[in-house]
Each structure stands twice: as C-alpha cells, then as structure tokens.
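What you see below is based on every heavy atom in this structure, not just the backbone, and it leaves out hydrogens, waters and symmetry mates. We name chains A, B, ... by the order of the sequence lines, and we start the count at 1 in each one.
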Protein chains: 2
Amino acid sequence: MSITSDLIRGHTETIIMANLYNRDSYGYEINKAIQEASEGQYELKEATLYGAFRRLEGNGYIISYWGNETTGARRRYYHITDEGKIFFESSCKEWEKAKNLIDTLIKTGGKGNE
Amino acid sequence: MSITSDLIRGHTETIIMANLYNRDSYGYEINKAIQEASEGQYELKEATLYGAFRRLEGNGYIISYWGNETTGARRRYYHITDEGKIFFESSCKEWEKAKNLIDTLIKTGGKGNE
DNA sequence: GCATATACCTCGCCTGTCAATGTATATATT
DNA sequence: AATATATACATTGACAGGCGAGGTATATGC
C-alpha cells in the first residue's frame with residue numbers, strides 16, 4: 001500500500017461503517033473490499049481492524065454475530081445499528097468539513113501568504 | 001474549535017510548513033494565522049505545535065533562530081530549508097492522494113455497494 | 001496590584017496503529 | 001502424508017502524535 005496510514009488515521013471507523021451501511025459483512029471481507037476499492041493503495045492492518053470493531057461495538061454502532069458457515073473458517077458478521085447509521089452520516093459531514101479545512105490551511109503556503 | 005483534531009492528525013506538520021513556505025514566522029503567529037484562516041474552527045494546541053517544531057527541525061526541514069525584539073516577549077523564528085520545501089510539496093501530493101482515497105472508500109457506503 | 005495578551009517550553013497521559021504471534025479450517029500441490 | 005496457501009479471527013506490547021496541565025517571562029491596561 002502506498003498511502004501513509006497516518007493520513008487515514010481517524011477515518012478507519014468511517015471507512016468500516018461505509019462497508020456495513022447496506023449489508024452485513026465480516027472483517028476479512030471488508031478488508032478485501034478496501035484493498036480492491038483502493039486498487040491496492042491501502043489496506044487495514046488486522047490489529048487496527050479488529051481494534052476498530054471492538055470500539056464500534058462498544059459504542060453501540062455495530063452488533064456482531066457468528067455466521068453459520070458449514071464449511072471453511074468461521075466468520076463473525078457485523079451489523080450496523082440505527083445509531084451506527086447516524087454516526088456514519090455525521091462522520092461523513094465531519095470529513096467534508098475537515099477536508100475543506102485542511103485544503104484551506106495547506107493552500108496558505110505555496111502561493112500567496114505575504 | 002469545532003473540528004475533531006483526530007481528523008487533522010498527521011497534517012499538523014504540513015499545515016505548519018505551509019505557513020513557513022513564503023516567510024519566516026514563529027509559533028504564536030502561526031497559530032493565530034491558523035485560527036484566522038479556519039475562521040475559529042481550528043487551532044493547534046501549544047504542546048502539539050512545539051512538538052511538531054521539534055520534529056521538523058530534527059529532520060532538517062526547518063531551522064530556528066531567536067528574533068532580536070527590543071520589546072515584548074522573545075520570539076523564536078523558524079525558516080524553511082530547501083529540504084523542507086521538498087517535504088512540503090510531497091506532503092501536499094500525499095494529501096491529494098489520501099483525500100481522493102478516503103472519498104472513494106467512504107462513498108462505498110450510503111448509496112451503492114450491494 | 002491584577003488581569004490580559006504575547007510568547008515560549010515540558011511532563012505525563014491517552015489513544016490509535018502496527019509488528020509479531022497464535023489459533024483453526026479447507027484446498028491444492030508435491 | 002507433508003507442505004504451502006488462502007481464509008478467518010484475535011491479542012500483546014511497543015510506539016508516536018496529540019493534549020491537558022503546568023511553568024517561565026515581558027509588556028499593557030485598568
């Protein structure tokens with residue numbers, strides 16, 4: 001992956017929630033989806049991923065249950081709650097604000113500013 | 001300030017460098033400039049600001065010197081080095097990439113994704 | 001005398017990330 | 001039968017950036 005995770009830090013939870021918004025999913029699948037969507041530029045480390053799940057569930061934004069796979073490795077599925085949807089939507093708005101703010105603050109340099 | 005600093009985390013150094021790109025400045029002034037540019041939405045905490053200066057100087061991206069104020073509090077000025085300018089420009093490119101990536105990863109949810 | 005603004009600095013804590021490590025099942029290859 | 005690879009989950013300990021709280025010092029206004 002080519003993107004520094006320092007820059008993504010703080011958005012991990014939002015990215016995960018985006019992947020749970022329309023359907024239940026599980027860790028491994030979500031991470032694969034992120035890798036594909038980013039065309040290999042980014043992936044979550046497992047410790048980061050599962051740590052985020054723990055926080056999100058602790059906050060009531062997702063709930064988890066074991067899938068009933070009859071074959072292969074077991075999967076822990078996550079389901080977004082109503083509170084989780086609200087959280088996701090407000091996170092998106094925060095991101096829009098932060099994005100514009102950073103753009104503003106960075107463009108102070110390079111051109112004008114004298 | 002209304003923006004969560006978690007979302008700005010990782011961009012502190014870039015924001016500071018933007019404020020040093022065209023002219024030398026000092027901590028207090030840079031922070032005021034950030035507050036004004038963000039219309040009060042954001043400010044750096046002093047511990048964060050001075051910690052970032054230390055890192056940037058340690059990496060050779062800025063150099064510092066004491067101003068020769070004859071009155072008022074003393075000021076430590078910072079000057080961006082050539083390496084610092086290169087660092088800033090590459091940080092801006094990183095930000096553009098990260099911005100697009102986060103947009104992509106967040107827009108997975110909310111609409112399509114089934 | 002006291003508050004406020006300017007201006008700098010540091011210590012210790014908190015939190016998110018990550019490398020390393022471990023568990024377990026299934027399939028393909030040798 | 002042994003080995004490698006992919007799927008899938010989980011934890012531990014360390015690290016780094018950010019921050020609250022505290023400290024120092026000068027100048028101005030009330």
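- Phosphate contact (OP1/OP2 of C:dT15, side-chain N/O of A:Arg9, threshold under 4.0 Å): absent.
- In this structure, CZ of A:Phe53 is placed 10 Å from C1' of D:dC9, rounded to the nearest angstrom.
- Hydrophobic clustering (side-chain heavy atoms under 4.5 Å, transitive across Ile, Leu, Val, Met, Phe, Trp, Tyr) groups B:Ile8 together with A:Ile8.
- Residue A:Thr12 has a polar side-chain atom (N or O) positioned under 4.0 Å from OP1 or OP2 of C:dT17.
- One atom, NZ of B:Lys45, and another, C1' of D:dA16, lie 18 Å apart when rounded to the nearest Å.
- D:dA27 atom P lies 16 Å from atom OH of B:Tyr28, rounded to whole Å.
- Linking Ile, Leu, Val, Met, Phe, Trp and Tyr residues whenever their side-chain heavy atoms come within less than 4.5 Å places B:Leu44 and B:Leu56 in a single cluster.
- Summarising the geometry, the separation between CG on A:Asn31 and P on D:dT7 is reported as 11 Å, rounded to the nearest angstrom.
- Among the heavy atoms of the strands lying under 4.0 Å from B:Thr71 are primed sugar atoms or P, OP1, OP2 only; no base atom is included.
- When the nucleotides D:dT7, D:dA21, D:dT11 are ranked by their closest atom to the side chain of A:Arg54, D:dT11 comes out on top.
- Separating the CD atom of B:Glu69 from the C1' atom of C:dA7 is a distance of 10 Å, rounded to the nearest angstrom.
- Along DNA chain C, the nucleotide nearest A:Arg55 and the nucleotide nearest A:Gly72 are compared for position; the residue whose nucleotide lies closer to the 5' end is A:Arg55.
- Taking every side-chain heavy atom of A:Tyr26 into account, D:dA8 is the closest of C:dA7, C:dC18, D:dA8.
- Ranking D:dC9, D:dG20, D:dT7 by closeness to the A:Lys32 side chain, first place goes to D:dT7.
- Counting non-hydrogen atoms under 4.0 angstrom, B:Glu46 reaches a base of the nucleic acid.
- Applying the 4.0 Å criterion to OP1 and OP2 of D:dG17, one finds that B:Thr48 has every side-chain N and O outside that range.
- For the pair A:Leu44 CG and C:dG16 C1', the interatomic distance rounds to 12 Å; values are reported in whole Å.
- Classified by interplanar angle (parallel below 30°, tilted 30° to 60°, perpendicular above 60°), the ring pair A:His11/A:Trp95 is perpendicular.
- In this structure, the CD1 atom of B:Ile16 is 12 Å from the C1' atom of D:dG17, given to the nearest Å.
- Contact between the side-chain N/O atoms of A:Tyr50 and the OP1/OP2 oxygens of D:dA10 is not found at any separation under 4.0 Å.
- Nucleic acid contact for B:Gly51: none, since no nucleic acid atom lies under 4.0 Å from a heavy atom of the residue.
- Ring geometry for B:Tyr65 against B:Tyr77 counts as parallel: the plane angle stays under 30°, on a 0 to 90° scale with 60° as the upper cut.
- For the OP1/OP2 pair of C:dA7 and a distance below 4.0 Å, the side-chain nitrogens and oxygens of B:Arg75 include at least one atom meeting the criterion.
- For the OP1/OP2 pair of D:dT24 and a distance below 4.0 Å, the side-chain nitrogens and oxygens of B:Arg74 include no atom meeting the criterion.
- Rounded to an integer number of Å, the gap from A:His11 NE2 to C:dT17 C1' is 14 Å.
- Regarding contacts with the backbone of D:dG18, every side-chain N or O of B:Ser5 stays at 4.0 angstrom or more from both OP1 and OP2.
- For the 3.5 Å distance criterion, the side chains of B:Glu46 and B:Tyr28 fail to qualify, holding no donor opposite an acceptor.
- If you check every strand for non-hydrogen atoms under 4.0 Å, B:Arg76 touches sugar and phosphate atoms only.
- Residues B:Arg75 and B:Trp66 form no side-chain contact, since every pair of their non-hydrogen atoms from C-beta on lies 4.5 Å or further apart.
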